[in-house]
Amino acid sequence: MSYQFHIKLYVMKHNFIAFAFVFLLLATACNGLSGKKETQESQPVVNSVANVVPQMSQAYFTMDEDHPAIKGEIKDGGLWLTFNKAQIMELNITDEDSYRLSDEPIQLEGLKGVPTTFIIADIGQDFNPILCVLTSEEKVQLLKLWNTVATGDIEVTEIPMDGIVGFKAAPGGPWEDEDGTTYYEYTTIYGIDSKGGEHEVPLYMLDKDLEYVEIVKGNDPVYQLYLSEDWKMKYVVGYYLSEKVEEMQGRFWPITEDWDKMVFRFGYELTTDIDYTGEEIKTNEVNRTGVFEIQCSNFDSPYIVVPIEGIDLANKGLNVPVSFHSIGAYGG
């Protein structure tokens with residue numbers, strides 16, 4: 001079963017000037033999108049029957065078209081990334097004290113199978129390099145590389161895209177004005193299937209970190225959801241402004257979306273459980289699956305989280321809506 005999650009920037013879709021500007025940038029780009037140069041040393045080619053040449057290496061550029069910010073290479077059965085600190089620091093992704101990546105190639109973790117092809121390209125309206133990799137087990141996995149720079153996270157996340165044989169970078173969100181001129185809302189990555197069909201690679205686009213604090217005299221238990229753009233999920237239970245009790249980590253994925261009603265349903269799989277209640281922190285492998293829904297009337301109001309299946313995310317019962325508030329950046 002293949003889920004398609006077409007990214008719509010709801011807040012910006014009525015902004016004609018922003019779209020026209022993005023279109024002009026796209027029209028003037030020769031080697032990349034939105035004026036950004038993304039040069040592949042082994043460029044994937046899609047022909048009429050969608051035979052894709054596997055991409056084994058790629059260089060991703062930002063401000064300097066002669067010195068890549070990131071290099072990717074498939075070798076020795078793995079996918080390796082090399083980060084150029086000087087190029088990355090110019091974008092203020094992190095500061096000197098927080099930068100934690102080695103100058104040497106770093107091997108990605110969490111691959112399900114051997115990598116067969118990959119792409120590094122932007123999704124959105126700015127520099128936002130996303131790595132998408134296809135494995136020998138026909139799994140599509142991805143990693144938000146600016147998060148790697150900020151946190152050191154090098155583990156890819158599986159997303160439910162079946163039948164993909166390669167990738168390409170291209171404009172997304174096309175629309176036409178009254179004169180029939182086509183404009184684009186953003187740049188994106190497409191997974192290509194064996195028939196040449198293009199399927200947009202999804203990112204999670206809502207608030208990343210949410211919490212519900214239950215007002216209980218003397219305790220105030222807190223329930224937190226950390227949701228990343230590249231579909232990592234953490235569920236944390238503890239006490240407000242105090243210690244954690246339990247943390248579960250894994251992934252989540254889109255099931256349905258309704259951008260008009262702002263209602264979104266997600267599935268999840270949590271595979272790591274961290275227990276903080278004893279003298280020592282204990283980590284165990286688990287398999288907790290479920291479904292939850294997020295509802296939001298607008299981006300400034302609290303999010304309504306409804307646990308549909310699996311974990312009772314706020315200890316209020318399944319199918320009970322609970323108001324969660326935004327608490328900051330992914331990772332807690």
Side-chain angles (χ1 to χ4, degrees), residues 1-5 38-47 49-60 68-83 101-123 129-149 151-169 188-203 228-233 249-253 267 269-272 285 287:
M1 179 176 180
S2 176
Y3 296 104
Q4 295 185 1
F5 187 75
E38 291 161 1
T39 300
Q40 285 107 29
E41 298 171 21
S42 175
Q43 178 73 28
V45 178
V46 181
N47 65 23
V49 293
N51 293 321
V52 179
V53 176
Q55 180 167 283
M56 306 304 290
S57 63
Q58 182 187 354
Y60 172 87
I70 305 169
K71 292 181 181 179
E73 183 180 13
I74 294 176
K75 63 178 182 179
D76 302 328
L79 180 53
W80 301 74
L81 296 177
T82 304
F83 294 85
L101 298 177
S102 169
D103 294 332
E104 301 299 321
I106 302 169
Q107 185 174 10
L108 292 186
E109 297 178 353
L111 285 173
K112 296 188 175 181
V114 177
T116 58
T117 189
F118 76 101
I119 190 173
I120 301 172
D122 297 303
I123 295 181
I130 304 296
L131 179 142
C132 296
V133 55
L134 182 68
T135 74
S136 57
E137 296 184 6
E138 299 183 346
K139 303 293 187 182
V140 174
Q141 296 181 265
L142 72 160
L143 181 65
K144 178 179 171 67
L145 296 181
W146 283 166
N147 188 60
T148 300
V149 170
T151 69
D153 177 21
I154 56 172
E155 184 169 355
V156 292
T157 312
E158 179 188 352
I159 59 174
M161 295 184 72
D162 296 332
I164 301 301
V165 297
F167 305 103
K168 79 171 188 178
T188 192
I189 300 172
Y190 294 93
I192 311 299
D193 66 30
S194 60
K195 296 181 179 180
E198 299 179 355
H199 309 272
E200 191 168 344
V201 172
L203 294 184
S228 73
E229 271 188 85
D230 53 359
W231 303 104
K232 293 180 175 66
M233 176 177 172
Q249 302 175 355
R251 67 185 181 104
F252 71 116
W253 57 87
E269 177 187 32
L270 302 176
T271 55
T272 301
E285 293 184 3
N287 184 19

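Just the heavy atoms: all of them, side chains too, but no hydrogens, waters or symmetry mates, feed the values below.
For the residue pair T151/D153, the side-chain donor-acceptor check at 3.5 Å is not satisfied.
Partners of E155 according to the salt bridge (Lys or Arg N to Asp or Glu O under 4.0 Å) rule, which considers only residues two or more places apart in sequence or in another chain, do not exist here. Under the salt bridge (Lys or Arg N to Asp or Glu O under 4.0 Å) criterion, K112 pairs with E158, not counting sequence neighbours. Qualifying side chain to side chain donor-acceptor pair (under 3.5 Å) partners for Q249, counting only residues two or more places apart in sequence or in other chains: E247. Residues satisfying the salt bridge (Lys or Arg N to Asp or Glu O under 4.0 Å) test with E229, not counting sequence neighbours, are K144. Listed by chain and residue number, E269 satisfy the side chain to side chain contact (heavy atoms under 4.5 Å, CB included) test with T271 (two or more places apart in sequence, or in another chain). In this view, T157 and K232 satisfy the side chain to side chain donor-acceptor pair (under 3.5 Å) rule, not counting sequence neighbours. With sequence neighbours left out, T135 forms a side chain to side chain contact (heavy atoms under 4.5 Å, CB included) with L111, E137, K139, Q141.
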**OP:** Would you please test I164 and E138 for side chain to side chain contact (heavy atoms under 4.5 Å, CB included) and show each step?
**Re:** CA-CA 7 Å; I164 301 301; E138 299 183 346; over 6 Å; no

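Between F167 and C132 the shortest side-chain heavy-atom distance falls below 4.5 Å. L81 is not listed as a side-chain neighbour of P105, based on a closest heavy-atom distance of 4.5 Å or more. Looking only at side-chain heavy atoms (C-beta outward), Y190 and H199 stay at 4.5 Å or farther from each other. In this structure, I106 and T82 have side chains that are not in contact, with every pair of non-hydrogen atoms separated by 4.5 Å or more. Between S228 and M233 there is no side-chain heavy-atom pair separated by less than 4.5 Å. With contacts defined as side-chain heavy-atom distances shorter than 4.5 Å, the pair P129/W146 qualifies. A heavy-atom distance below 4.5 Å is not found between the side chains of L145 and I130. For the pair L142 and W231, the minimum side-chain heavy-atom distance is below 4.5 Å.
Considering I119, I189, D230, L108 as possible partners of L131, the one that fulfils the side chain to side chain contact (heavy atoms under 4.5 Å, CB included) test is L108. Each of V133, T116, V114, I154 was checked for a side chain to side chain contact (heavy atoms under 4.5 Å, CB included) with L79, and the lone residue meeting it is V133.
More than 12 non-hydrogen atoms from other residues, nucleotides or ligands lie less than 6.0 angstrom from CD of Q107.
Using modelled atom types, no side-chain atom of E198 and backbone atom of I192 make a donor-acceptor pair closer than 3.5 Å. With hydrogens and angles ignored, the 3.5 Å screen pairs no side-chain donor or acceptor of T117 with any backbone N or O of P54. A donor-acceptor pair under 3.5 Å is absent between the side-chain atoms of W80 and the main chain of I74, judged by distance alone.
To the nearest 0.5 Å, atoms CD1 (I120) and OH (Y60) are separated by 9.0 Å. Separating the CZ atom in F118 from the CD atom in E73 is a distance of 8.0 Å, to the nearest 0.5 Å.
L101 and T148 get closest at one heavy-atom pair: CD2-O, 3.8 Å. Taking each heavy atom of P202 and I159 in turn, the nearest pair found is CD-CD1, 3.9 Å. The two residues G78 and P115 have their closest heavy-atom pair at C-CG, 3.6 Å.
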